[in-house]
Each structure stands twice: as structure tokens, then as C-alpha cells.
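Data first, discussion second: the structure below is written as C-alpha cells.
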Amino acid sequence: NQAAPFFLFLSTHDIHVPRTANKMFQGKSKMGPRGDVILQTDWTVGQVMETLKSQNLLDNTVVIFSSDNGPVLDDGYADQARELVGEHKPSGDLRGGKYSALEGGTKVPLIVRWPDGKSKGTISNAMISQVDFLNSLGHLVGVNKISKDVIDSQNQLATLLGDDKVGRKSLVQESFLGPICLVEGDWKYIEPLDGPKLVPWGPIIDTGFRGEPQLYNLKNDPEEQENLAKKSQLQNQISLEKQKAVYAQEKASRAAETLR
């Protein structure tokens, strides 16, 4: 397809269990099979880039690198991923990981390389979903009818180009057992779900499942530590109690006036 437009989707098995690296990478990371397959992924991306370059296609190809979910160490296989990870924190300071309703499970890396160096080195905080790739890339190549066929996919081409610094206004998310989450602007709401607090088959990952509503301000609290829904409910309860007290006082005053 060197002389014609082409699309390549490469989904590696590397990070998924059972993690089985090629012999050329086994033991090289000193972090067990998980570390070895990460080296293998890096090598694989390099091979794709080198092939594009050797075919004189690198300056006419958009390359997108991303992940379908947040990280997981021990995913039910005894490959010492947790024991050998050292001080590295795959989710950074975010709570949760793969399978979780929290940001560590749904906020994933996204690298876009434009052939003309567009927005080179730009770090964007704009919100976008991989669901938007279809509509956005459709518009890039002039297939505008996609917007009528796929209602969930938004045209976020300006976001991918680095021109739009905001991206989506809202995004609906779901974890492995539910619950439905809504991110809108700086706010994230997680609906109540009475489920396991940790992923049940071994990973030490906070699922984000709680029996009460959760509301976080992701701009001020990206680690989702302060559930503002509780504060809001408490404030509403205090306000209601104050209203009851005022009403009772007014009622008592009226009764006293009547007695006079």
C-alpha cells in the first residue's frame, strides 16, 4: 500500500496476561515479564516507525499511540509484576487502575504525531475519547457523513491537532461492573454501586465502587480524594435543619403572641 492511502491498526498482546516476551527481551528489564513486554512494545513501535521511514511514508502518515485502559500489575498471574515494580507508579498519583471507575482506570496516555510537526511538544489537557477517532479522522480524509452514522463519536479533529484546548464538554464512562460515570468540565460524578471495593481476583486496585454518590472536582483534586457529594449532602442537611429550627422558632413566637 505504499502508493495508496492505508490504515493500520496494531493492537499488541504485550501488556496483557499471560505476559510472554520474545526471547530477545526476556530478563532484560529486570522487572519481570511485565517489564520485558513493555520493552517489546517500545521496540515494536520503533519498528513501525523505521518501516514508515524506509518506505518514505513517515512524512505523510499520522501516528497515534494510546492504551485502552489504565494499568494493572498483578492481573491474576504469578509473574512478580507487583514485587518487581520498584518505585515506579504506573498510574502516577491517580487512584484506581484497569477495571476501575476512577481516573487511574479511564485516563490513558495518548500521543499523536503529525507528519508536518504540527503542535510538536504540546501537552494538552483537553478531554477526548477514543470513540472520537472515527469521526475526527473521517473528517480529516473528507468522510463527513460519519457524523450522521455514529452518534457517540464527536469530531475532535481540532483537539487532536492541538488547536482546541478544551475538547469534549462531557464524557460518559463505565467500568467492568458499571457504574456509569459522567465527566463534565472539571467535574466527575460516579453513581452509587454496592460492589467490591477492590478488584476481586487479585489486583490491588480500588474499583471506585461505593454505596453512595461520588462527586469530584478533577481540576482541584485529580486524585479523587475528597468526595464533594458528601459535603453537599451535609450542607443540604444542615440547611434543612436550620430551616426547621427557624420555622420552629417562628411557630413558637406566633404561639406566644396568640397567648398574649
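As the structure is a prediction and not an experimental result, all values here were calculated from the model.
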Ignoring hydrogens and angles, tell me if any N or O in the side chain of Ser153 forms a donor-acceptor pair with the backbone of Val131 under 3.5 Å. yes
Determine whether a donor-acceptor pair (N or O, by modelled atom type, separation under 3.5 Å) exists between the side chain of Asp221 and the backbone of Glu226. yes
Checking Tyr189 against Glu191: is there a side-chain donor and acceptor pair closer than 3.5 Å? no
Considering all heavy atoms, the nearest Ser91-Pro71 contact: OG-CG, 3.1 Å
Test item: Asp36 side-chain N/O and Gly27 main-chain N/O as donor-acceptor pair under 3.5 Å: yes
Tell me if a side-chain donor or acceptor on Arg34 pairs with a main-chain N or O of Val72 at a distance below 3.5 Å. yes
Any donor-acceptor pair under 3.5 Å linking the side-chain atoms of Gln225 with those of Glu223? no
Min side-chain heavy-atom separation Arg168-Asp132 under 4.5 Å: yes
Mark yes when over 12 heavy atoms from residues, nucleotides or ligands other than Asn220 sit less than 6.0 Å from its CG; otherwise mark no. yes
Any side-chain heavy-atom pair of Ile15 and Lys98 under 4.5 Å: no
Salt bridge flag under 4.0 Å for residues Arg210 and Asp206: yes
Are the side chains of Gln130 and Ser66 in contact, using a 4.5 Å heavy-atom criterion? yes
Remaining members of Leu182's ILVMFWY cluster at a side-chain heavy-atom cut-off under 4.5 Å? Val172, Ile180
Step by step, would you call Val85 with Arg82 a side chain to side chain contact (heavy atoms under 4.5 Å, CB included)? CA-CA 6 Å; Val85 72; Arg82 185 185 298 147; 5.5 Å; no
Those residues that, when tested against Phe176, pass ring-ring contact (aromatic ring centres under 6.0 Å, His included) (two or more places apart): Tyr99, Trp201, Phe209
May I ask you to decide if Ala21's main-chain N or O and Gln26's side chain share a donor-acceptor pair within less than 3.5 Å? yes
Mind checking whether Leu110 and Ile64 have side chains closer than 4.5 Å, heavy atoms only? yes
Evaluate the side-chain proximity of Leu102 to Leu94: yes if any heavy-atom separation is below 4.5 Å, no if none is. no
Exam field: side chain Asn227 to backbone Pro213, donor-acceptor pair closer than 3.5 Å: yes
Set of residues satisfying ring-ring contact (aromatic ring centres under 6.0 Å, His included) with respect to Trp114, sequence neighbours excluded: none
Is there a path of hydrophobic side-chain contacts, each under 4.5 Å between heavy atoms, that joins Leu10 and Leu52? yes
Would you call the rings of Phe9 and Phe7 parallel, tilted or perpendicular, taking 30° and 60° as the class edges? parallel
For the residue pair Ile38 and Met31, establish whether any side-chain heavy-atom pair is separated by less than 4.5 Å. no
Can you tell me which residue pairs pass the salt bridge (charged side-chain N to carboxylate O under 4.0 Å, His left out) test with a partner in residues 13-22, sequence neighbours excluded? Arg19-Asp79
Quick check, are the ring centers of Trp43 and Phe25 under 6.0 angstrom apart? yes
Can a salt bridge be assigned to the pair Glu224 and Lys188 using a cut-off of 4.0 Å between side-chain N and carboxylate O? yes
Within-4.5 Å side-chain heavy-atom neighbours: Pro115 and Thr61: no
Please indicate whether Asn125 has more than 12 foreign heavy atoms, meaning atoms of other residues, nucleotides or ligands, lying under 6.0 Å from its CG. no
Asn60, CG: over 12 other non-hydrogen atoms inside 6.0 angstrom: no
Restricting to side chain to side chain contact (heavy atoms under 4.5 Å, CB included), what partner residues turn up for Asn155, sequence neighbours left out? Asn135, Ser136, His139, Leu157
Give a yes or no on whether Leu140 and Phe133 share a hydrophobic cluster (residues Ile, Leu, Val, Met, Phe, Trp, Tyr; joining criterion: side-chain heavy atoms under 4.5 Å apart). yes
Could you work out, with salt bridge (charged side-chain N to carboxylate O under 4.0 Å, His left out) as the rule, every residue matching Asp93, not counting sequence neighbours? Lys89
Is the backbone N or O of Leu161 less than 3.5 Å from a side-chain atom of Ser119, with the two atoms forming a donor-acceptor pair by type? yes
Should Lys230 and Gln214 count as side-chain neighbours, where that means a heavy-atom distance under 4.5 Å? no
Let me see the working for Phe65 and Val45 under side chain to side chain contact (heavy atoms under 4.5 Å, CB included), right down to the final yes or no. CA-CA 9 Å; Phe65 181 86; Val45 173; 3.7 Å; yes
So does Pro196 get a backbone contact from the side chain of Thr207, meaning a donor-acceptor N/O pair under 3.5 Å? yes
Provide the closest heavy-atom pair for Ser54 versus Thr51 in the form atom of the first, atom of the second, distance. OG-O, 2.9 Å
